[in-house]
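Step one of this worksheet: look at the structure below.
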2 protein chains.
Amino acid sequence: MTSATQNSRYTSEKVSTFSGLKCKECGAEYEAKAMHVCEFCFGPLEVAYDYEAIAAKVTRESIQAGPNSIWRYRDFLPVETDNYIDVGTGMTPLIKASRLARRLGLKNLYIKNDAVNMPTLSFKDRVVSVALSRARELGFSTVACASTGNLANSTAAIAAHAGLDCCVFIPSDLEAGKVLGTVIYAPKVFAVHGNYDQVNRLCSEVANTHGWGFVNINLRPYYSEGSKTLGYEVIEQLGWQLPDHIVAPLASGSLFTKIYKGFQEFVKVGLVEGKDVRFSGAQAEGCSPIASAFRDGRDFVTPVKPKTIAKSIAIGNPADGIYAIDIARKTNGNIESVTDAEIIEGMKLLAETEGIFTETAGGTTIAVLKKLVEAGKIDPDETTVAYITGNGLKTQEAIQGYVGEPLQIEPKLNSFERALERSHTLERLEWQPVSV
Amino acid sequence: MTSATQNSRYTSEKVSTFSGLKCKECGAEYEAKAMHVCEFCFGPLEVAYDYEAIAAKVTRESIQAGPNSIWRYRDFLPVETDNYIDVGTGMTPLIKASRLARRLGLKNLYIKNDAVNMPTLSFKDRVVSVALSRARELGFSTVACASTGNLANSTAAIAAHAGLDCCVFIPSDLEAGKVLGTVIYAPKVFAVHGNYDQVNRLCSEVANTHGWGFVNINLRPYYSEGSKTLGYEVIEQLGWQLPDHIVAPLASGSLFTKIYKGFQEFVKVGLVEGKDVRFSGAQAEGCSPIASAFRDGRDFVTPVKPKTIAKSIAIGNPADGIYAIDIARKTNGNIESVTDAEIIEGMKLLAETEGIFTETAGGTTIAVLKKLVEAGKIDPDETTVAYITGNGLKTQEAIQGYVGEPLQIEPKLNSFERALERSHTLERLEWQPVSV
């Protein structure tokens with residue numbers, strides 16, 4: 001096995017295990033083209049697979065013999081040829097979080113750490129690797145996206161590696177690290193004066209007028225399948241077992257539903273024993289349309305205007321919100337929201353106990369995890385997996401001012417000794433509660 | 001195989017393959033304690049191994065059956081027990097860089113990408129994982145380091161994960177991302193008003209007066225061995241072959257010498273066929289004491305005061321500089337330096353062709369690679385590996401102002417269309433040569 005990615009030669013042999021697209025609402029079937037909405041009922045389209053063919057072909061051993069990336073699950077992904085783009089995406093660590101678990105009062109807590117996903121340090125590398133592989137198969141030479149930041153980074157980077165032209169649309173108030181982490185790859189970047197939902201609407205229009213492959217619009221059915229690998233990997237890394245409870249952030253709700261789909265598929269093809277898994281979702285209070293609907297027992301999501309430091313999950317009109325609520329309800333899970341101050345405390349808690357520096361979305365997940373444990377909604381004995389989806393270096397402004405400052409000293413031993421003594425005195429003052 | 005790191009139970013069984021420390025200059029032998037300088041000749045101490053025992057025990061298959069981290073090479077690392085700290089460090093991708101190769105006129109170029117190393121996105125996670133594992137074996141409860149930034153991030157994060165107290169010393173003018181990426185883990189951080197060499201001298205004094213384990217001072221012999229894994233992994237990822245030529249950045253020179261040692265060891269124990277490998281080193285012109293000595297044919301390195309944007313490799317008085325020169329000379333390699341403007345161009349070139357966002361040190365390596373190719377000092381047919389050692393999100397200020405800006409638009413289709421047209425006109429203007 002090698003991590004070297006040598007994808008330069010195109011193979012023409014078709015080896016797909018998927019049959020086409022299917023409407024999630026009315027079941028209407030379509031060819032596997034660049035489209036995402038049912039022409040009859042306007043429901044979202046999903047990729048349909050031939051699970052019998054997969055079951056006959058795939059074993060635990062065949063997966064383990066595959067590449068050390070999401071492409072070890074290639075038969076569960078919507079690509080037609082073996083000419084996929086493999087930049088080492090996926091197979092991020094599943095960390096047994098003993099120190100965080102002790103702090104929270106849990107016994108079996110794991111962190112699935114996509115803050116170190118490759119190449120751009122968020123789970124978006126999974127969906128983009130799949131979307132661009134499929135875009136290339138469908139003949140697109142220009143790819144594009146509407147993004148809250150992480151998706152922009154990932155689309156620009158992987159397009160650069162694959163030699164595809166790239167256009168990226170972002171809200172103009174994005175964090176500096178996410179902007180720089182996009183323009184560095186030299187795509188065309190459009191900063192839209194509006195929130196993500198406005199960016200998204202504009203991109204739907206652009207997708208209709210230009211012949212571009214928008215990863216999260218007309219390529220969305222393929223794109224979203226990439227998130228299933230966050231389910232597969234956890235099963236494999238737990239020694240081919242399902243966890244008891246998962247906690248994941250909710251933006252559009254897609255990630256959440258796809259982890260669920262990933263778990264179900266592995267049961268369906270006999271790779272893992274089935275059991276009940278509880279699904280709990282995390283939102284920032286400043287953009288919590290899904291949590292509100294869940295709390296109120298509603299069957300519809302009322303759009304909101306986002307106002308939170310957790311910009312990467314600030315989607316006011318979440319496309320898959322209602323499906324996420326459905327999963328949380330039927331698995332006996334929960335959907336909770338936390339304040340910006342709690343999000344910062346969540347980021348610090350994860351860093352101090354586990355050495356993982358996550359962005360605001362990850363802080364949201366940890367803060368909700370804590371809230372659920374305190375409310376007795378996660379049992380201490382449950383094997384619980386918290387999904388960390390992005391890296392803290394991208395949202396530095398969110399945490400600046402809420403962490404300790406270095407002690408300034410001269411390059412002399414006595415200056416150091418004085419500062420060390422002072423720090424013992426200061427220590428209590430530094431750990432005041434945060435207020436945002 | 002699983003990435004789950006479950007290192008909570010201590011095993012007491014000793015399984016070490018190393019016999020102690022040995023002076024690199026006079027050969028005097030010492031017990032494997034926390035010391036780094038020979039008491040007789042003041043030469044640097046290195047770890048000595050029982051290579052016959054290793055050869056009898058280790059095979060390609062046994063390595064491949066190990067964890068997907070540096071600990072698959074555990075028998076070549078100076079730890080006594082199996083109670084090492086595994087946070088998924090190592091086994092970063094070796095990318096076949098076809099697009100960059102084409103741009104430079106090379107045929108077989110690979111990028112070893114430690115910009116996505118775990119947990120803190122630089123090669124320092126390798127040396128720190130080893131140093132803190134050994135620190136724990138030696139009974140230290142407080143660990144420390146003198147750092148130009150990446151080492152601070154890594155020591156603070158891995159100490160947090162392992163529950164060790166941590167003190168970090170940095171120059172006070174460090175990049176914001178490197179400071180925040182340290183304080184987030186809540187170690188004690190001392191910002192020293194001076195350059196790295198002054199920080200380092202202060203730390204030597206502190207190491208003598210406090211009973212702390214400084215990873216790159218009194219634990220340096222163990223620490224530096226971690227870099228050998230950058231040699232092992234390239235061999236394994238090339239399909240158990242040595243490359244023809246490597247290009248790596250030079251700070252203290254330690255990384256360079258340890259890649260060399262790693263290659264030699266794998267030949268010595270029969271894991272790979274021996275052949276000549278050329279070693280070329282990269283420095284920033286603003287801190288190039290090793291390149292200067294190499295150019296002048298000197299056998300000594302004259303210390304300099306650093307002044308470059310490549311702060312992570314700005315060591316004016318490099319401890320292993322002379323050993324690096326020796327290796328470059330005897331392998332028919334080169335040591336070159338590049339300007340800050342060339343470093344920025346190197347960062348952009350790597351991002352645009354391969355989708356890899358590296359920090360200034362990586363820009364230095366790519367710029368030197370380009371310079372060597374243009375000077376005919378790398379043959380187009382050589383299998384060449386360039387080592388990228390850190391992530392661009394940590395040195396954002398170095399590149400701000402030298403990359404394109406997003407195009408500002410309103411959330412309306414006609415606003416987008418106007419901007420798109422304008423961008424075609426602007427394109428030529430945006431790609432002016434950089435001047436720093």
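Keep in mind the model is a prediction, meaning the values are calculated, not measured. Just so it is clear: chains get the letters A, B, ... in the order the sequence lines come, proteins before strands, and each one is counted from 1.
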Practice problem: Determine the option with the most heavy-atom pairs under 4.5 angstrom with chain B, choosing from A:Ser415, A:Ala351, A:Cys203, A:Gly194. | Solution: A:Ala351

Exercise. Please state whether the side chain, the backbone, both or neither of B:Val192 comes within less than 4.5 Å of a heavy atom of chain A.
Key: both

Quiz item: Looking only at side chains, do B:Asp114 and B:Thr92 share a donor and an acceptor under 3.5 Å apart?
Solution: yes

Quiz prompt | Region of B:Leu121 in contact with chain A, defined by heavy-atom distances below 4.5 Å | solution = side chain

Quiz item: What residue in A:Ile409, A:Ile356, A:Val183 has the most heavy-atom pairs under 4.5 Å with chain B?
Solution: A:Ile409

Self-check item: Side chain, backbone, both or neither of B:Ile111 within contact of chain A (heavy atoms, under 4.5 Å)
Solution: neither

Exercise. Measure the acute angle between the ring planes of A:Phe169 and A:Trp212, then classify it against the limits of 30° and 60° as parallel, tilted or perpendicular.
Key: tilted

Quiz item: Salt bridge between A:Glu233 and A:Lys112, side-chain N to carboxylate O under 4.0 Å?
Solution: yes

Quiz item: Is it true that the side chains of A:His210 and B:Glu417 contain a donor and an acceptor less than 3.5 Å apart?
Solution: yes

Exercise. State plainly whether the residues A:Arg60 and A:Glu236 are in salt-bridge range, i.e. N to O under 4.0 Å.
Key: no

Quiz item: Side chain, backbone, both or neither: which part of B:Val116 has an atom under 4.5 Å from a heavy atom of chain A?
Solution: both

Self-check item: Region of A:Val206 in contact with chain B, defined by heavy-atom distances below 4.5 Å
Solution: both

Quiz item: With the threshold set at 4.0 Å, does a side-chain nitrogen-carboxylate oxygen contact exist between B:Arg103 and B:Glu354?
Solution: no

Quiz item: Do you know which of A:Gln396, A:Arg201, A:His193 has the most heavy-atom pairs with chain B at a distance under 4.5 angstrom?
Solution: A:His193

Quiz prompt | Heavy-atom pairs under 4.5 Å with chain B, option from A:Asn113, A:Thr353, A:Ile184, A:Thr209 with the top count | solution = A:Ile184

Quiz item: Will you find, in the side chains of B:Ser69 and B:Asp86, an N or O donor that is under 3.5 Å from an N or O acceptor?
Solution: yes

Self-check item: chain B contacts, top residue of A:Leu413, A:Val168, A:Val403 (heavy-atom pairs, under 4.5 Å)
Solution: A:Leu413

Quiz prompt | Interface moiety of B:Asn153 toward chain A, non-hydrogen atoms closer than 4.5 Å | solution = neither

Self-check item: Residue, of A:Glu205, A:Gln400, A:Met347, A:Gln408, that accumulates the most heavy atom pairs under 4.5 Å with chain B
Solution: A:Gln408

Quiz item: So, A:Ser122 and A:Asn117: side-chain donor and acceptor under 3.5 Å apart, yes or no?
Solution: no

